[in-house]
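One structure below.
Below, chain A is the first sequence line, B the second, and so on; all start at residue 1.
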Amino acid sequence: MHKEEDNPILKNLNPAQREAVVAVEGPILIIAGAGSGKTRVLTHKIAYLIDIGIPPQNILALTFTNKAAQVMKERIASLVNPEASKRIWAGTFHSIFARILRLEAHYLGYTSNFSIYDTEDSLNIIKRILQNYNVSNNKLNPDSVHHIISISKNKVLSPQDFIRNASNQTEKIIGEIYKEYQDYLQQNNAMDFDDLLVNTFELFSQFPEILEKYQNRFNFILVDEYQDTNRVQYLVLRQLSSKYRNITVVGDDAQSIYRWRGADIRNILDFQKDFPDVKIFRLEQNYRSTKCILAAADSVIKFNKKQIEKKLWTENPEGELIELYQCETEKDEANLVVKKIKELISGGEYSLGDIAIFYRTNAQSLEFENALRRENINYVVVGGLSFYKRKEVKDVLAYLRLLINPDDNEAFVRIINEPPRGIGKTTLTHLLNYSRENRISLFKSLEHLENIPNLQKRSITILEEFRNWIITTQEKLNEGIGTAEIINEYIKNSGLISMYEEIATDDAFDRLENIETLLSDIYEFLTQNENMTLNDYLQQISLISDIDEKNLSTEQVKMMTLHSAKGLEFPVVFIVGLEQGLFPLNRFRPKDLDDEEEERRLFYVGLTRAMKKVFLTYAKIRHRFGDELYQVPSKFISEIDRSLLLTFESENKTFRRPTTYSKETFVNSNNFNEFDQTEDGVLRIGDRVVHPFFGIGKVEHLEGSGNFAQALVNFESVGRKRLMLQYAKLKKL
DNA sequence: TGTAGTATCTTTTTT
DNA sequence: AGATACTACA
């Protein structure tokens with residue numbers, strides 16, 4: 001025992017943390033509250049494992065982002081020998097599984113240069129399949145079909161299972177589409193994000209000897225953010241750990257925010273069922289936030305019924321009260337936040353890098369960007385339209401994908417007429433038909449141009465030329481020398497660059513710059529890493545997320561969605577857009593209590609990111625699709641213990657034309673706790689109503705109750721308005 | 001086949 | 001309001 005006390009790896013850990021670290025063998029569940037040193041426990045545990053002689057290459061650490069894995073490796077490197085830290089397998093489920101699948105691809109009928117399709121690719125495929133099905137698009141839109149397929153995969157439900165379980169015609173059709181989609185992916189030698197998980201599960205299920213190989217390799221498995229794993233991730237974890245049973249999972253049910261993409265909170269409960277001998281540790285001391293922030297977060301999360309009982313506490317100071325600002329519009333809100341940021345900076349206590357702005361949807365970032373730019377304040381936006389999602393970047397990547405995996409039809413479709421080279425819709429349709437009928441890829445079908453009906457002479461010449469160009473480039477690439485130069489030449493010959501040079505607008509120059517950045521990024525990757533190939537590059541970037549890329553240690557204000565904020569911490573946090581319908585977000589579908597609880601956890605995550613100070617804001621009026629919406633403060637505001645809140649009205653009101661909605665329309669800011677559950681009157685969805693100012697309209701949605709009851713009314717004269725029934729004086733027709 | 005003009009949709013959250 | 005997708009023409 002005393003020997004362990006001396007171990008530097010165990011110093012600076014509290015008793016609970018230390019116990020969790022030295023519990024080496026068997027299944028271990030760590031329930032770790034926000035800010036309780038979860039990452040610290042994981043890193044120290046891995047360092048400890050290495051310290052007691054476990055070979056680092058036998059350790060597998062699964063994290064939620066690549067960045068978290070990278071941070072973990074760096075910290076381990078500083079605790080033990082840096083060389084050892086490099087040999088740990090650490091990464092996201094997706095990237096680690098992709099790595100395994102590359103090595104074992106042939107077992108599943110893939111080759112190791114398979115493409116990884118992103119959501120956009122998947123949607124394009126589904127759109128095309130839907131067209132062939134000739135179904136009315138309003139019921140089966142690509143997004144929802146894609147979502148259903150994705151959720152099914154995460155539950156390990158095959159197309160055959162899906163069709164068998166179908167209970168109506170629509171489901172049956174979706175099942176057919178799912179099947180066609182899956183066959184198509186296999187033909188393209190491509191996997192989508194979900195396949196990386198499902199196929200790993202299939203690989204291990206079908207080939208026990210492969211499973212055993214990886215069981216033996218990963219003697220010790222550690223999983224971060226366990227509350228956000230889904231069914232298939234859980235199943236693979238169970239497969240991998242079933243031999244040695246050394247698995248440590250860390251999670252906090254209060255921070256589970258990915259139910260919508262299949263995360264299953266039951267994984268924690270099932271974990272205890274599968275491993276009855278599980279040892280459970282609880283980390284309940286928070287080192288991050290002030291007492292005030294913690295109390296506020298606690299008062300909110302108490303409104304959730306489903307949760308594991310735990311009490312988070314801190315020795316940190318009381319801290320300052322949370323400030324709540326009521327703003328006129330979203331512009332006003334952005335201006336207020338910028339004003340507060342300037343005050344924080346001039347106060348001398350904080351710098352720009354200490355400050356973060358969290359919002360519910362990416363679209364909200366725009367106003368803040370504008371306001372910050374006007375005041376010359378440096379900022380960085382995480383997420384939104386990331387570099388690798390830009391059209392011109394994706395086009396270049398598609399050119400490269402086609403070189404590596406010529407069966408990649410999505411890449412082919414993307415670039416065959418980009419820039420325009422005279423292969424239009426008609427020609428492409430002929431090609432697509434031929435390749436579908438003969439079950440070969442588009443690129444392969446170029447070998448049989450003379451057999452393809454209806455092709456014009458001109459098209460044939462162009463396509464032949466295209467095919468030769470790709471093949472010659474592939475041959476050059478296979479020689480393995482001067483890869484970066486070959487790629488530059490190839491992209492130059494594609495005509496993309498000269499196309500943008502000819503357009504010569506500001507936008508086109510931006511795009512050119514992005515292409516240049518990408519090419520030099522590739523150049524650097526290939527020259528810095530001796531034995532890395534273009535294939536490695538493509539794989540790496542397809543699984544990179546925006547948060548992995550962005551440097552958060554800079555002196556800039558950080559802006560991101562609440563989802564991206566998970567796992568991070570900042571001295572000062574702004575949570576904006578706290579309005580009913582926006583946060584909690586609702587999509588005007590039947591109310592789901594679980595949805596609301598998830599939104600509340602998201603708010604909890606936001607609050608608990610803050611170390612010292614929290615600002616909350618909402619706008620009374622928010623513009624959306626050109627409409628003016630009258631907003632109601634988020635119910636979450638009313639759930640914060642009132643003694644912890646200071647409420648303000650934003651002073652810098654922007655000028656607005658007076659309407660019949662004068663001051664009394666809006667909630668008095670002292671009224672937040674009067675939210676109650678009384679019945680919302682006689683108004684029903686579909687009712688036609690008349691309003692003294694807006695005239696006749698139809699009720700499309702109702703929500704809230706008591707003083708907060710509100711209706712979304714579509715008026716004939718002015719379109720959709722969100723109105724508070726208390727003030728709106730609507731008359732039913 | 002490419003373009004100009006028009007209709008329609010957009011805003012969840014991410015690997 | 002602005003961007004994208006679709007349709008009718010050159």
Side-chain angles (χ1 to χ4, degrees), chain A residues 62-69 91-98 116-122 124 127 131 137-138 141-144 146-147 150 153-154 191-198 225 228-230 232-233 256-263 330 358-366 382-386 388-389 391 417-429 456 458-459 462 507 539 541-548 560-567 577 581-589 595 598-599 601-603 605-606 622-629 719-720:
Chain A
L62 294 163
T63 58
F64 206 73
T65 61
N66 289 300
K67 179 159 225 157
T92 61
F93 278 89
H94 289 85
S95 59
I96 295 283
F97 290 4
I116 297 174
Y117 281 178
D118 66 9
T119 310
E120 193 187 335
D121 295 318
S122 298
N124 286 340
K127 273 180 208 157
Q131 276 166 14
N137 250 24
N138 35 0
N141 73 317
D143 281 314
S144 56
H146 177 248
H147 186 244
S150 173
K153 286 187 179 182
N154 286 322
M191 301 191 194
D192 67 13
F193 288 139
D194 305 310
D195 286 337
L196 297 175
L197 310 178
V198 179
E225 308 281 11
D228 281 323
T229 52
N230 60 33
V232 62
Q233 288 168 326
S256 165
I257 55 176
Y258 283 95
R259 197 177 71 102
W260 53 273
R261 75 171 208 207
E330 70 271 15
F358 301 154
Y359 33 78
R360 179 63 241 265
T361 64
N362 281 306
Q364 283 165 263
S365 74
L366 189 67
V382 176
L385 231 202
S386 88
Y388 295 107
K389 286 190 191 122
K391 181 188 179 300
N417 205 35
E418 186 69 36
R421 50 169 71 85
I423 303 299
K425 221 172 168 179
T426 324
T427 311
L428 185 60
T429 308
Q456 295 198 329
R458 210 174 78 89
S459 310
I462 297 168
D507 178 67
Q539 186 202 322
I541 59 151
S542 60
L543 294 174
I544 220 158
S545 70
D546 208 44
I547 196 119
D548 299 329
M560 65 192 83
T561 63
L562 286 133
H563 283 87
S564 300
K566 168 158 140 164
L582 183 59
F583 190 26
L585 189 71
N586 74 334
R587 298 194 82 196
F588 293 167
R589 58 171 174 184
D595 281 351
E598 175 139 320
E599 295 283 321
R601 289 193 293 271
L602 195 54
F603 187 46
V605 166
R622 189 169 291 273
H623 298 268
R624 201 180 180 208
F625 308 152
D627 276 347
E628 218 178 39
L629 294 182
R720 289 196 185 84

In whole angstroms, how far is the [atom2] atom of [N] from the [atom1] atom of [X]?
{"X": "D548(A)", "N": "dT14(B)", "atom1": "CG", "atom2": "P", "result": "12 Å"}
{"X": "F358(A)", "N": "dT14(B)", "atom1": "CZ", "atom2": "P", "result": "13 Å"}
{"X": "L582(A)", "N": "dT12(B)", "atom1": "CG", "atom2": "C1'", "result": "10 Å"}
{"X": "Q364(A)", "N": "dT12(B)", "atom1": "CD", "atom2": "C1'", "result": "10 Å"}
{"X": "K67(A)", "N": "dT14(B)", "atom1": "NZ", "atom2": "P", "result": "15 Å"}
{"X": "D228(A)", "N": "dT14(B)", "atom1": "CG", "atom2": "C1'", "result": "11 Å"}
{"X": "E598(A)", "N": "dT14(B)", "atom1": "CD", "atom2": "P", "result": "13 Å"}
{"X": "Q539(A)", "N": "dT15(B)", "atom1": "CD", "atom2": "P", "result": "16 Å"}

Residues in salt bridge (Lys or Arg N to Asp or Glu O under 4.0 Å) contact with E225(A), at least two apart in sequence or another chain: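 Once residues adjacent in sequence are excluded, the partners of E225(A) under the salt bridge (Lys or Arg N to Asp or Glu O under 4.0 Å) criterion are K38(A), K566(A).
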Side chain to side chain donor-acceptor pair (under 3.5 Å) partners for R458(A), two or more places apart: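 For R458(A), no residue satisfies side chain to side chain donor-acceptor pair (under 3.5 Å) once neighbours in sequence are set aside.
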R360(A) (side chain) and dT13(B) (base): donor-acceptor pair under 3.5 Å: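 Present.
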Backbone of D118(A) reached by a side-chain donor or acceptor of D121(A) within 3.5 Å: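 Judged by distance alone, yes, a pair lies under 3.5 Å.
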Partner set under side-chain contact (heavy atoms from CB on, under 4.5 Å) for [X], not counting sequence neighbours:
{"X": "R261(A)", "answer": "F64(A), Y258(A)"}
{"X": "T426(A)", "answer": "H430(A)"}
{"X": "S542(A)", "answer": "I116(A)"}

Heavy atoms from other residues, nucleotides or ligands near CD of E120(A) exceed 12 (cutoff 6.0 Å):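 Counting other residues, nucleotides and ligands, CD of E120(A) exceeds 12 neighbours.
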Distance test, side-chain N/O of T561(A) to OP1/OP2 of dT14(B), below 4.0 Å: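 Answer yes for this pair, as a side-chain N or O of T561(A) is under 4.0 Å from OP1 or OP2.
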dT15(B) OP1/OP2 closer than 4.0 Å to side-chain N/O of S545(A):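 Checking S545(A) against dT15(B): at least one side-chain N or O falls below 4.0 Å of OP1 or OP2.
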Side chain of [X] - closest among [options]:
{"X": "S564(A)", "options": "dT15(B), dT13(B), dT14(B)", "result": "dT14(B)"}
{"X": "N362(A)", "options": "dT13(B), dT15(B), dT12(B)", "result": "dT13(B)"}
{"X": "H563(A)", "options": "dT11(B), dT13(B), dT15(B)", "result": "dT13(B)"}

Euclidean distance for P, dT13(B) against dT4(C) (whole angstrom):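 Per the computed distance, 16 Å lies between those P atoms.
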dT11(B) to dC6(C) separation - P atoms, rounded to the nearest Å: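 Comparing P positions in dT11(B) and dC6(C) gives a spacing of 15 Å.
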Touch class at under 4.0 angstrom, heavy-atom based, for F93(A) against every strand present: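 F93(A): no heavy atom of the nucleic acid under 4.0 Å.
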B/S/- contact track for nucleotides 1-10 of chain B, protein heavy atom under 4.0 Å: SS-------B
Pi stacking test for W260(A) and dT13(B): under 5.5 Å apart, planes under 30°: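 One would call W260(A) stacked on the dT13(B) base.
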Residue pair T561(A) / N362(A), side-chain donor-acceptor N/O under 3.5 Å: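 Checked: T561(A)/N362(A) side chains show no N/O donor-acceptor pair below 3.5 Å.
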